[in-house]
Amino acid sequence: FRRVLFRSQGSQTINQDLLTLVSHIHALTPNTTILVAGVTPINSSGFTASVAAYNSYIKTELVPSLSYTRYVDQNTMFLNADGSVNSSLLGADLVHPNRYGYPILAQNWATAIKTLEGVTGTNYPLTVTSGTGSGSYPAGSVVTIYGNSPSSGTQFGSWTPSTTALINPYSSLTLYTTTAAATTLTANYTTSGSPVIHDGTYDIVSFFSGLSVAAAGTANGSPAQQQ
């Protein structure tokens, strides 16, 4: 879709090409249910309307007209509450998902396939307070979570509880590996300008000879100073 879009093909051509592709797959494997996904957002205002129109065509026209297809929403979870693109889930090209976006794609595909196959399994609830990522997941799932935008005068502080299942408890956007238990993760916020270095042991790597970094004090959150 993106390659065609960047070649400025009209929407009718894009839609017809997809219909032809899906119909051809069905002709080859008539007993197969085909999952047709909407595309993820492109973080450029020039493509917003085209992406929305294409996804609408798939969801409201193509899939309802073909009984052997099912729609998979791979767009909504990449949007902020106001409908804008969550660029933190996309790579530098503003098109492809990054390490935080791909787990979202994987979870959506897994849910769609399990629903189609009637697989129930055991899921465990994850509740994300003051953030996004809540749901029910099998143990061992990698889930993208991110905190809400901080209010005026505040900044993201950390996730609690701080657990090794979090890639980085001090980043508002991070990955969490689910456990075989109900879990609640809470995004906490501090006053803007608060220190962001927390208790722990740090390896400082420098590419410049003679450069060293040391903590200015022993209290939690002490700033680092170059010596």
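For clarity, every value in this text was computed on a predicted model and none was experimentally measured.
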Taking all non-hydrogen atoms of both residues into account, name the closest pair between [X] and [Y] and its distance.
{"X": "A112", "Y": "V72", "answer": "CB-CG2, 3.7 Å"}
{"X": "P138", "Y": "K114", "answer": "CG-NZ, 3.1 Å"}
{"X": "S158", "Y": "Y170", "answer": "CB-CD2, 3.6 Å"}
{"X": "I34", "Y": "H26", "answer": "CD1-N, 3.9 Å"}
{"X": "L66", "Y": "T69", "answer": "O-OG1, 2.8 Å"}
{"X": "P41", "Y": "L79", "answer": "CG-CD2, 3.7 Å"}

Looking only at atom types and distance, does a side-chain atom of [X] sit under 3.5 Å from a main-chain N or O of [Y], one as donor and one as acceptor?
{"X": "T20", "Y": "Q16", "result": "yes"}
{"X": "S65", "Y": "L62", "result": "yes"}
{"X": "S192", "Y": "T154", "result": "yes"}
{"X": "D93", "Y": "H96", "result": "yes"}
{"X": "S172", "Y": "Y146", "result": "no"}
{"X": "T190", "Y": "N188", "result": "no"}

I need the [X] [atom1] to [Y] [atom2] distance, nearest 0.5 Å.
{"X": "F156", "Y": "S149", "atom1": "CZ", "atom2": "OG", "value": "12.0 Å"}
{"X": "N55", "Y": "S50", "atom1": "CG", "atom2": "OG", "value": "11.0 Å"}
{"X": "E61", "Y": "L19", "atom1": "CD", "atom2": "CG", "value": "10.5 Å"}
{"X": "M77", "Y": "L105", "atom1": "CE", "atom2": "CG", "value": "10.5 Å"}
{"X": "S87", "Y": "N80", "atom1": "OG", "atom2": "CG", "value": "7.5 Å"}
{"X": "D17", "Y": "T13", "atom1": "CG", "atom2": "OG1", "value": "6.5 Å"}

For I58 and V36, run side-chain contact (heavy atoms from CB on, under 4.5 Å): C-alpha distance rounded to whole Å, both residues' side-chain angles, the deciding distance at 0.1 Å, then the answer. CA-CA 8 Å; I58 297 172; V36 186; 3.6 Å; yes
Please check if any side-chain donor atom of T174 sits under 3.5 Å from a side-chain acceptor atom of N168, or the reverse. no
State whether a side-chain donor-acceptor pair under 3.5 Å links D73 with T76. yes
Criterion side-chain contact (heavy atoms from CB on, under 4.5 Å) on V51 and N75, from CA distance to verdict: CA-CA 9 Å; V51 170; N75 184 273; 3.8 Å; yes
Answer whether the closest heavy-atom distance between the side chains of [X] and [Y] falls below 4.5 Å.
{"X": "I14", "Y": "Y57", "result": "no"}
{"X": "T144", "Y": "L173", "result": "yes"}
{"X": "L175", "Y": "V143", "result": "no"}
{"X": "I145", "Y": "W159", "result": "yes"}
{"X": "T183", "Y": "Y176", "result": "yes"}
{"X": "F78", "Y": "L89", "result": "yes"}
{"X": "L35", "Y": "I113", "result": "yes"}
{"X": "Y137", "Y": "N123", "result": "no"}

Can you hop from [X] to [Y] via hydrophobic side chains spaced under 4.5 Å?
{"X": "F47", "Y": "V95", "value": "yes"}
{"X": "V85", "Y": "Y102", "value": "yes"}
{"X": "V22", "Y": "W109", "value": "no"}

Could you check Y189 against S130 for side-chain contact (heavy atoms from CB on, under 4.5 Å), going step by step and ending with a plain yes or no? CA-CA 10 Å; Y189 298 83; S130 298; 4.3 Å; yes
Determine, step by step, whether N15 and Y54 satisfy the side-chain contact (heavy atoms from CB on, under 4.5 Å) criterion, reporting the C-alpha distance in whole Å, the side-chain angles of both residues, the deciding distance to 0.1 Å, and the verdict. CA-CA 7 Å; N15 296 351; Y54 185 65; 3.6 Å; yes
